[in-house]
Amino acid sequence: MPTRYTPADFEQRIYAEWERSGLMTPPAQDSGRPTFTVMMPPPNVTGVLHMGHALNNTMQDLVIRYKRMSGFDALWVPGTDHAGIATQAVVEKKLLTEGGPNRKEMGREAFVEEIWKWRQHHGDVILKQLKRLGASCDWSRTKFTLDADMAHAVRVAFVRLWKQEKIYRGARLVNWDCKLQTAVSDDEIEYVTQKSTLWTLRYPVKDSTEFLSVATTRPETMLGDTGVAVHPEDKRYGHFVGQSILLPLTNREIPIIADTSVDPEFGTGAVKVTPGHDPADYERGARHHLAIINILHTDGTMNGECGRFEGLPREQARKQILAAFEELGLLVGAEEITNNVSISDRSKTAIEPLVSEQWFVKMKDLAQPAIGAVKDGSLKFKPERWTKVYLDWLENVHDWCISRQLWWGHRIPVWYDEDHVPVASVEDLAIGSPHPQTGKPIVRQDEDVLDTWGSSWLWPFATLGWPEHSADMARFYPTQFLSTARDIIYLWVARMVMAGYALLEDLPAAQRNPFATCYIHATVLDGHGRRMSKSAGNGIDPVEMIEKYGADAVRYSLMILTREGQDVKLAENRFELGQRFCNKIWNVARFVLQNLQGPSDPVGAAQAPAADALEDQWILSRLAAVTEAVSTALDQYDFHDAAQALYRFTWDDFCDWYVEAAKRRLWAGENAAEGSVEAVSAAAARATLGHTLTTLLKLLHPFTPFLSEALWAEVPQPLRGGVDMLMGASWPTVDVASRNLEVEENFAQLQDAVRAFRNVRALLETPATEKPAATVLCGDAPTSVNFAAQQSLVAFLARLESVEVRSDGIKPAAHGTDVFRGGSVFLPFALDTDPAKLRSSLEKKLQKVEGGIRAIDGKLGNAKFVANADPEVVQSERERRVLLETELATLLANLEGLTV
RNA sequence: GGGCCGUUAACUCAGUGGCUAGAGUGCCACCUUCACACGGUGGAAGUCACAGGUUCAAGUCCUGUACGGCCCA
């Protein structure tokens, strides 16, 4: 084995072995094992892996691997989303750069064909990248939201909701994306604060010489004004209410109305009302029965309602209208303000609210059971605070605009007869066939497609075969764990819960909720705390990082850096943490594997550890503790805590202390006679090393699957217990009998003394090669028993010739000294040693101990503390004071001894 | 306007109301000792953002302020 772990030599080969093993594909038939299901949030089919995906999928893989090893039939279903707008835009752009016919020239059928072709060649890149990450999904169950069975599920869902009259068509004010020329839902727009000009326009009052001034940031929409509103209690304008305005440039007569929604403080206190192009005005217009005038073509240019401005883009229309008002003397003000404009998430262009015929889903009723799911505990968010975000949205939910004027997606399964009477159908209705209700011939299918969430909200069960009564559906639904990003709590998470309750009528209510836990993962920021994004160019490419540091290093680093959904600032060099850890694991395994075979036990340390030696008992106790800690943390999805516990155990306990301690007996046993004390002791050390390593590899496997699997292959067969592939090994059970707090306490005391020796060595500048004879002075009987039994271990770890254990209180002269809990250590001076460094070291420690005693005295001297605090706390303070007092006395005595 | 998150060592972050506030990186010194220099040993480094409050006891709980970030309207 080389001295460094080189991930590239193993990863792809090991992944192929996992795929061949079939372990990622749990059976649809009952195996007697419990199931555990995770649905991967389907990334866009156009997508490439970014850090958010890497983080999210690492967590899912961790859970799946842990559950698989724990005896579950663990199913992780991967897949991709057709992502209507995003994908159509990618292919349109491709057509544009190729200079061939564009979408409209090609026609619907040919264009959709083109997208399928694109998908064939360029789609699903992200799924291949997930394999690089080590994702152990069941690829045999991979789904795409446009697969035929998914399409069937979408239609069944649509028709069912149609029959329940939860789907309706109507002309409503929708968010219009002028670039993509489609409606988008409320949840697909974002607000950007910007500086704008607020212009004041004068509108002449009809049959009067008076004017009413209105303020607006969008003067061009005046062409669609059908009213002017003032607050009913606004004294300035009261007498105008009921009169009308002669709208300049159009000479249309529009009423002046009173409405409490008008803020008298804003602008002039009078507002123009444009019901066709503003959500607030739409409401006002509805209240006062104002006309709705649409002034825009679908591409955002002015339409035939605009007279001489027809055909102009909005910005130009604005300029010309302002110029016209100026000319008429009707432009009376312009001031700079900051306001919010709505931007389309997809095209990043300004949203134009306009009235349009669209399909909607009534959400109020659907939301109720989804609200109930968190109230009755069926659904839990982690971190819990997202529950509120989820509930706030559901409790104020608006109807969902589900139609999109696109070609790529699930076409709305609605057909019309010649009288435009619609009917929804699971099966295609042929043109000319009779309308099921009216009997008149069908003339056309609806042109629109469904919002992309109209298929992904069925993801947790449509992937399992719903609406068929499939074996998968019976075994693997509901799922246990969903991990996703916070920005799709409304778009996706809430809708999946609604869909589960609304559509799975066959299941008892308690089994409809699609996932028990919804984990909202951290947002990955760059090193400066900015969101990683393609446009900002500040993203770190996970695949590049995998190639540079290894998949396990990427996985492990991400896990230990993100604590329960807390955002993480990630600079590239953070992955060195995982890389170092992986290399450490590699090397400790290398050491163990090279030392498993002794002269008298050639099969290696396959027998159970005898655990006679203190250090053996100690590491087995620590191993039991870390097994419990990791299992508990993973049960609660506390990935950071599990990663942290593994780091501490591996590096501190196993590498720094146990392996170093075991070397003593391994070396001593090298040339010992068979059956001798030394040989038996070495064999015991080997057994303990072997057992600890194999257990550790299992615990590490969910975090560092490639490395642990690569090392598992090097473990001698008898130690592997017949398990060829670590991925399929059983998760370690907590060895309760090995947990021994007394042993841990005794070993901790030895560690403390060894550190004290090392400290004095450093202060005395004792060369590493020099092995002085040293002394431990024990302050009490248990300490002296402990050290008497372990003097050779302490000597070995502190690189000493010998350790004399004394408890007579007599300090050796001309020795450097330090204290540990329970006594002090002494190392002989070299002749030319200056004790000043030792003195200042001891004095520093003295100050700390004195400070500690003062703090405790402060507490114990406080009658209220003694009276009110938990008696256990008071008791432990008293005990601590005794310890510190002893330490203080030792320090003072040792300081005094230095001058002799 | 409403809500949420954060502010702890130079950096990135942990931290059940109760030991003298920790880790990794970086820094300083020493060490190529037969797993690992992607290593070992030792060390320096903190007014826990600020102001009040609750409590015997606050980094931790409450109120407010400032700053940074996110979401909703």
Side-chain angles (χ1 to χ4, degrees), chain A residues 1-5 186-187 190-191 279-280 340 342 383 385-386 388-389 392-393 396 486-487 489-490 522-523 525 527 529-531 549-550 553 557 560-571 573-574 576-595 640-641 644 647-648 651-652 655-656 659-660 663 666-667 670 689 754-755 757-763 765-769 771 798-799 837 841 844-845 847-856 858-870 872-874 876-877 879-881 883-884:
Chain A
M1 286 173 78
T3 62
R4 288 218 185 160
Y5 172 51
D186 292 345
D187 308 300
E190 56 187 70
Y191 298 92
N340 287 332
S342 34
R385 62 174 183 272
W386 297 107
K388 189 167 143 44
V389 175
D392 283 351
W393 184 79
N396 299 297
R486 68 191 56 161
D487 39 334
I489 291 176
Y490 324 128
T523 301
L525 308 170
R530 294 170 309 187
R531 215 185 166 92
Y549 298 96
S557 301
I560 204 156
L561 290 172
T562 58
R563 157 86 212 178
E564 227 211 36
Q566 195 58 53
D567 292 352
V568 58
K569 281 188 220 171
L570 191 69
N573 62 10
R574 303 263 105 202
E576 289 171 10
L577 166 65
Q579 186 188 30
R580 283 197 171 100
F581 185 53
C582 287
N583 198 55
K584 192 72 177 175
I585 296 164
W586 173 266
N587 271 291
V588 76
R590 184 165 169 261
F591 173 84
V592 173
L593 293 169
Q594 286 170 348
N595 285 284
H640 164 91
D641 294 358
Q644 186 75 31
Y647 191 94
R648 293 267 75 91
W651 210 304
D652 300 349
C655 295
D656 285 353
V659 165
E660 292 308 317
K663 284 175 183 173
L666 292 177
W667 303 161
E670 258 173 9
L689 283 167
V754 169
R755 283 192 201 99
F757 271 126
R758 287 171 177 165
N759 183 21
V760 179
R761 280 191 81 110
L763 291 167
E765 294 175 3
T766 310
T769 46
K771 300 177 77 179
R799 297 183 160 273
K837 273 200 218 165
S841 168
K844 192 167 179 186
K845 210 168 256 189
Q847 282 178 5
K848 276 193 160 184
V849 171
E850 283 173 340
I853 290 175
R854 268 198 305 276
I856 293 178
K859 290 186 194 177
L860 291 175
N862 181 343
K864 286 183 179 171
F865 170 72
V866 181
N868 295 336
D870 187 334
E872 269 183 45
V873 172
V874 178
S876 82
E877 290 293 320
E879 283 166 11
R880 231 184 89 233
R881 193 182 188 291
L883 284 174
L884 287 175

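So that the names make sense, note that chain A is the first sequence line, chain B the second, and so on, each numbered from 1.
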Does B:G15 have OP1 or OP2 sitting under 4.0 Å from an N or O in the side chain of A:Arg563? yes

B:C38 phosphate, OP1 or OP2: any side-chain N/O from A:Arg4 under 4.0 angstrom? yes

Mind checking A:Leu884 for me? I need base, sugar-phosphate or nothing, with any heavy atom below 4.0 Å counting as a touch. base

Checking A:Arg761 side chain against A:Arg799 main chain: does a donor-acceptor pair fall under 3.5 Å? yes

Nucleotide nearest A:Gln644 when distance is taken to its side chain, options B:A23, B:C36, B:U20: B:A23

What is the separation between atom CG on A:Asp656 and atom P on B:U41, rounded to the nearest whole Å? 5 Å

So if I take every side-chain heavy atom of A:Gln566 and compare against B:A35, B:C5, B:G39, which nucleotide ends up nearest? B:C5

Which residue, A:Arg799 or A:Asp392, contacts RNA chain B at a nucleotide closer to its 5' end, judged by nearest heavy atom? A:Asp392

Would you say B:G39 has OP1 or OP2 under 4.0 Å from some side-chain N or O of A:Trp586? no

Tell me what A:Glu765 touches on the nucleic acid: a base, only sugar-phosphate, or nothing, going by heavy atoms under 4.0 Å. nothing

Looking at every strand, decide which applies to A:Trp386 at a 4.0 Å heavy-atom threshold: base, sugar-phosphate, or nothing. nothing

Heavy-atom nearest nucleotide on RNA chain B taken for A:Val754 and for A:Val659; more 5' hit belongs to A:Val659

With sugar-phosphate meaning primed atoms plus P, OP1 and OP2, does A:Gln579 contact a base, only sugar-phosphate, or nothing at under 4.0 Å between heavy atoms? base

If only side-chain N and O atoms of A:Asn868 are considered, is one of them under 4.0 Å from the OP1 or OP2 phosphate oxygen of B:C56? yes

When you measure from the side-chain N and O atoms of A:Lys859 to the phosphate of B:A57, is any distance below 4.0 Å, counting only OP1 and OP2? no

Taking the minimum atom-to-atom distance to the side chain of A:Val873, which one of B:G18, B:G40, B:G42 wins? B:G18

Separation of A:Ile560 CD1 from A:Asp641 CG (nearest 0.5 Å): 9.5 Å

Any base atoms under 4.0 Å from A:Lys663, or only sugar-phosphate, or nothing? Heavy atoms, all strands. base

A:Phe591 CZ to B:A35 P: how many Å, rounded? 6 Å

Can you identify which nucleotide, out of B:A35, B:C56, B:U33, has its nearest atom closest to the A:Ala768 side chain? B:U33

NA contact type, A:Arg648, heavy-atom cut-off 4.0 Å: base, sugar-phosphate, or nothing? sugar-phosphate

To the nearest 0.5 Å, tell me how far A:Tyr5 OH sits from A:Ile585 CD1. 9.5 Å

Between B:G42, B:U20, B:C56, which one does the side chain of A:Arg758 approach most closely? B:G42

Rounding to a whole Å, what distance do you find between A:Asp870:CG and B:G17:C1'? 12 Å

Taking B:U55 as the reference, what is the distance to B:G15 when you measure between their P atoms (whole Å, please)? 28 Å

For A:Arg385, check side-chain contact (heavy atoms from CB on, under 4.5 Å) against everything at least two apart and list the hits. A:Pro383

Rounded to the nearest Å, what distance is computed from the CZ atom of residue A:Arg574 to the P atom of nucleotide B:G24? 13 Å

With a 4.0 Å cut-off on heavy atoms, is A:Lys848 in touch with a base, just the backbone sugar-phosphate, or nothing at all? base

Would you measure the distance from the P atom in B:U63 across to the matching atom in B:U54 and give it in whole Å? 15 Å

Here RNA chain B, pairs taken as Watson-Crick or G-U under 3.5 Å and shown with ( ), [ ] when crossing and | when to another strand, reads (((((((..((((....[...)))).(((((.......))))).....(((((..]....)))))))))))).

Output the rounded distance in Å from CD1 (A:Ile560) to P (B:G15). 12 Å

Between P on B:C70 and OH on A:Tyr490, what's the gap in Å once rounded to a whole number? 15 Å

Whole angstrom value for the distance that separates C1' of B:C70 from CG of A:Leu525: 10 Å

Rounding to an integer number of angstrom, what distance separates B:G17 and B:A21 when you compare their C1' atoms? 14 Å

Please pick, from B:C36, B:G3, B:G26, the nucleotide with the shortest atom-to-atom distance to any side-chain atom of A:Lys388. B:G3

Just by modelled atom types, is the A:Arg4 backbone N or O under 3.5 Å from a matching donor or acceptor in the A:Asn583 side chain? no

When all nucleic acid strands are considered with a 4.0 Å heavy-atom cut-off, which category describes A:Arg880: base, sugar-phosphate, or nothing? base

Residues passing the ring pair (Phe, Tyr, Trp, His ring centres under 6.0 Å) test with A:Tyr647, sequence neighbours excluded, are A:Phe581, A:Trp651

Checking all strands, does A:Arg755 fall into the base, sugar-phosphate, or nothing category for heavy-atom contacts under 4.0 angstrom? sugar-phosphate

Between atom NZ in A:Lys845 and atom P in B:G42, what is the gap in whole Å? 11 Å

Is A:Cys582 touching bases, backbone alone, or none of the nucleic acid, heavy atoms closer than 4.0 Å? nothing

